[in-house]
Amino acid sequence: MILYPAIDLKDGQAVRLFKGDMDKATIFNDDPAAQAMEFVEAGCEWLHLVDLNGAFAGEPVNAAPVEAILERCKVPAQLGGGIRDMATIERWLEKGLARVILGTVAVENPALVKEAARAFPGQVAVGIDARNGFVATKGWAEETEVRVIDLARSFEDAGVAAIIYTDINRDGAMQGPNVTATAELGNAVSIPVIASGGVSSLADLRALKDCGAPLNGAISGRALYDGAIDLADALAILKG
């Protein structure tokens, strides 16, 4: 399994939100590229970036810090937030992003996701953010009546590189991930699943690793910044 350290970008700074609430942001670093380098130097092989402002605006807002990260860090990075058309997808991939994450458009325009996955094999992931089993869109501000597994299965043969599954009620809350729902999703589709939301201890990482589903990796943010998870120990657990 891969550990994806999360760098959530708001107003050019690396922050963490509490349960997706933009008004409850904790600033952890005002130099996101320096933060990214810390993770890389500690042994992380991927970076998970989120343009929080972009998720609400529907277009990239934190392009400058993302570009600074891509320039300084020579490990692959994936980015979500405000990527909702082919032009934006192409632009980010040309700038050196390894993978774009499509969330809102996966619900509103699934044909675009399938088109992008065909055009850019291995470089398009679907972000499924859920509250109580139902998908939420537009920076988690709008709830839908679409079930997580139904949405995931609709992309089964589309060539999607990964599904990033976030339980919004766990995100940033340091309460542990929704292991049961993540395992259920991992076993329901053949697309690699990445767990996100609430990963706050080494025990959480062990639980995901031993959940009975073939997960690709886990995303962690606040716990790495707070020191609740030791990065070296986390990497050892997931690689072991």
Side-chain angles (χ1 to χ4, degrees), residues 1-56 61-62 65-66 69 73 75 77-81 101 103 127-131 136 139-141 164-182 193-209 211 215-238:
M1 283 177 67
I2 298 167
L3 179 67
Y4 295 84
I7 300 177
D8 289 1
L9 301 163
K10 179 177 183 279
D11 305 332
Q13 300 170 311
V15 308
R16 290 301 285 168
L17 304 184
F18 180 75
K19 296 186 179 181
D21 188 337
M22 286 287 270
D23 294 327
K24 295 179 180 176
T26 303
I27 298 168
F28 283 103
N29 201 319
D30 56 13
D31 185 347
Q35 181 63 64
M37 276 306 298
E38 281 184 37
F39 288 138
V40 173
E41 288 167 355
C44 290
E45 297 172 354
W46 268 86
L47 296 170
H48 175 76
L49 315 177
V50 181
D51 182 349
L52 293 170
N53 302 100
F56 284 90
V61 175
N62 286 286
V66 172
I69 290 168
C73 303
V75 301
Q78 60 186 18
L79 170 71
I101 303 165
I128 299 182
D129 306 323
R131 204 179 264 116
W140 305 349
I164 294 151
Y165 171 65
T166 304
D167 186 309
I168 297 166
N169 289 332
R170 306 292 183 106
D171 193 71
M174 300 289 283
Q175 295 172 350
N178 190 333
V179 177
T180 303
T182 305
V193 172
I194 300 169
S196 173
V199 177
S200 55
S201 68
L202 295 176
D204 290 339
L205 292 174
R206 288 192 192 94
L208 288 168
K209 188 173 173 61
C211 74
L215 302 182
N216 166 271
I219 293 167
S220 184
R222 181 177 290 273
L224 294 177
Y225 295 105
D226 285 348
I229 290 180
D230 179 84
L231 202 45
D233 289 345
L235 291 168
I237 286 170
L238 294 184

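Taking all atoms of both residues into account, the shortest heavy-atom contact from T182 to A195 is CG2-CB, 3.7 Å. Minimum interatomic distance between I219 and A6 (heavy atoms only, all atoms of both residues): CG2-CB, 3.7 Å. F28 approaches R222 most closely through the heavy-atom pair CZ-NH1, 3.9 Å. Of all non-hydrogen atoms in L3 and P5, the two that sit nearest each other are O-CD, 3.3 Å. Residues M22 and K10 share a closest heavy-atom pair of O-CE, 3.4 Å. Of all the heavy atoms in A42 and L235, the pair that sits closest is O-CD1, 3.6 Å.
Considering CG of L208 and CE of M1, their distance stands at 5.5 Å, rounded to 0.5 Å. Expressed to the nearest 0.5 Å, how far CG of D31 lies from CD of E38 amounts to 9.5 Å. Rounding to the nearest 0.5 Å places CD1 of I101 at 9.5 Å from CG of D129. Summarising the geometry, atom NZ belonging to K24 is positioned 11.0 Å from atom CG belonging to L17; distances are rounded to the nearest 0.5 Å.
Distance alone, capped at 3.5 Å, places no donor-acceptor pair between the T166 side chain and the G197 backbone. Within the 3.5 Å criterion, the main-chain N or O of D11 finds a donor-acceptor partner in the side chain of N53. Proximity of a side-chain donor or acceptor of D167 to a complementary backbone N or O of N178 within less than 3.5 Å is not detected. Checking side-chain atoms of N62 against main-chain N and O of L9 turns up a donor-acceptor pair under 3.5 Å. Counting only distance, with no hydrogens or angles, the side chain of R170 and the backbone of P177 share a donor-acceptor pair below 3.5 Å. The backbone N or O of P32 sits nowhere less than 3.5 Å from a side-chain atom of N29 that would complete a donor-acceptor pair.
With no hydrogens or angles considered, a side-chain donor-acceptor pair links S200 and D204 at under 3.5 Å.
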Using side-chain contact (heavy atoms from CB on, under 4.5 Å), reason through L47 and I69 one step at a time and then give a plain yes or no. CA-CA 9 Å; L47 296 170; I69 290 168; 3.9 Å; yes
Could you check L231 against C44 for side-chain contact (heavy atoms from CB on, under 4.5 Å), going step by step and ending with a plain yes or no? CA-CA 8 Å; L231 202 45; C44 290; 3.8 Å; yes
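Using cut-offs of 30° and 60° on the angle between ring planes, the pair Y225 and F39 is perpendicular.
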